[in-house]
Amino acid sequence: MPDSIQIRCLQTIGDREIQGLSDVLIDCVEGGASVSFMFPMTRTKAEAFWHSAAASVERGERVVLVAEDAAGTIVGTVQVILSQPENQPHRGDVAKMLVHRRARRQGIGAALLAAAERSALESGKTLLVLDTASGDAERFMYAKAGSAVGKFRNTR
Ligand SMILES: CC(C)(COP(=O)(O)OP(=O)(O)OC[C@H]1O[C@@H](n2cnc3c(N)ncnc32)[C@H](O)[C@@H]1OP(=O)(O)O)[C@@H](O)C(=O)NCCC(=O)NCCS
């Protein structure tokens, strides 16, 4: 990954982050990513999603990580859902792993995944679950996942 890219864990998600995260989400959906949205993908839908994620971060239910370039522009993101059923407190779900098409194939996805693993471990999680409908994403996750946290499995 280029040195100019920094991975950051968002403690709060303000307007600037909502805009940057929405840009990445819209680009990925327009590029065909299967991440729970259908066409037409609008900014309103994207912003509503990130506002809801922001509230969830504040409740401590999830972690949102971002990759930012030297100008501070968000080029990628991933989430770890911490809030789980009471019989699976050790589990975290990797969700909405997104890298803007113009920033792909530089190792940003792999770096986000490694950071998600570290965050999960810090939160006491020993199993990371990936819920994806995308064969590419599944292959990517299995290939890149480190050994820090249990095993990834696809839930579909
Ligand atoms: C899946 C996704 C997050 C990967 O992001 P990325 O930043 O391109 O990931 P990486 O750069 O770490 O790795 C992607 C590929 O680039 C290659 N790569 C990494 N650095 C490279 C470099 N410097 N030069 C050339 N290739 C490179 C990797 O080896 C990998 O190749 P592979 O797929 O053949 O193994 C991205 O494609 C994406 O956002 N997809 C749409 C959304 C999606 O489906 N998300 C998953 C749902 S949970």
Side-chain angles (χ1 to χ4, degrees), residues 1-10 13 17-43 45-54 56-57 61-85 88 91-121 123 125-156:
M1 185 176 70
D3 287 347
S4 54
I5 304 287
Q6 301 279 339
I7 308 283
R8 186 162 69 94
C9 177
L10 297 182
I13 301 182
E17 285 85 8
I18 297 273
Q19 293 311 316
L21 288 162
S22 296
D23 288 341
V24 173
L25 176 58
I26 291 167
D27 177 75
C28 287
V29 174
E30 287 179 346
S34 174
V35 285
S36 314
F37 291 94
M38 291 172 71
F39 293 122
M41 186 57 197
T42 62
R43 183 154 285 272
K45 281 200 282 187
E47 288 178 2
F49 171 78
W50 289 113
H51 276 296
S52 157
S56 176
V57 166
E61 297 165 353
R62 72 181 65 202
V63 173
V64 175
L65 300 162
V66 292
E68 292 169 316
D69 67 14
T73 303
I74 295 174
V75 295
T77 182
V78 69
Q79 302 186 19
V80 181
I81 314 296
L82 302 172
S83 159
Q84 298 293 340
Q88 296 170 65
R91 166 183 160 181
D93 288 1
V94 177
K96 296 287 181 296
M97 169 137 169
L98 307 165
V99 174
H100 197 288
R101 281 177 289 177
R102 68 177 147 70
R104 287 187 192 165
R105 301 194 69 83
Q106 302 178 68
I108 296 172
L112 282 166
L113 189 54
E117 286 186 81
R118 284 194 298 274
S119 283
L121 262 184
S123 301
K125 302 297 187 180
T126 52
L127 172 70
L128 270 186
V129 174
L130 166 67
D131 180 7
T132 181
S134 151
D136 279 352
E138 184 185 348
R139 208 171 42 251
F140 174 85
M141 295 288 188
Y142 275 102
K144 310 287 170 190
S147 54
V149 176
K151 247 177 87 84
F152 282 75
R153 70 183 160 84
N154 189 320
T155 56
R156 288 195 189 145

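Remember, it's 1-based here, ligands and their atoms both numbered in the order they're listed. For clarity, every value in this text was computed on a predicted model and none was experimentally measured.
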How about Q106 and V99: do any of their side-chain heavy atoms sit closer than 4.5 Å?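 Q106 does not reach V99 side chain to side chain.
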Do L112 and I7 come close enough that some side-chain heavy atom pair is under 4.5 Å?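 L112 vs I7: side chains touch.
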Proximity of A33 to ligand 1 by residue part, where a heavy atom lies under 4.0 Å: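 The part of A33 near ligand 1 is the side chain, not the backbone.
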Region of Q106 engaging ligand 1 - heavy atom pairs below 4.0 Å: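 Backbone only.
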[X] heavy atoms, cut-off 4.0 Å: which ligand 1 atoms fall inside?
| X | value |
| --- | --- |
| A110 | 12 (O) |
| G107 | 10 (P), 11 (O), 12 (O), 19 (C), 20 (N) |
| L98 | 39 (O), 42 (C) |

May I ask you to say whether E17 pairs ionically with R8, meaning some side-chain N is under 4.0 Å from a carboxylate O?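 Salt bridge between E17 and R8, a charged N being under 4.0 Å from a carboxylate O: yes.
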Can you find an N or O of [X] that's nearer than 3.5 Å to an N or O of ligand 1?
| X | value |
| --- | --- |
| V99 | yes |
| S34 | no |
| G109 | yes |

If the condition is side chain to side chain donor-acceptor pair (under 3.5 Å), which residues does R101 pass it with, not counting sequence neighbours?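 With neighbours one apart ignored, the set is D27.
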Okay, side chain of R43, backbone of S22: is any donor-acceptor separation there less than 3.5 Å?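 No, because the side chain of R43 does not come within donor-acceptor range (under 3.5 Å) of the backbone of S22.
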Side chain to side chain contact (heavy atoms under 4.5 Å, CB included) between C9 and V63: does it pass, once the steps are laid out? CA-CA 7 Å; C9 177; V63 173; 3.7 Å; yes
The one among H100, R104, R101 that brings a heavy atom closest to atom 38 (C) of ligand 1: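 Of the listed residues, R104 has the closest heavy atom.
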Does D69 have any salt bridge (Lys or Arg N to Asp or Glu O under 4.0 Å) partners at least two apart in sequence or in another chain, and if so, which?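 Salt bridge (Lys or Arg N to Asp or Glu O under 4.0 Å) check on D69 returns nothing, list empty.
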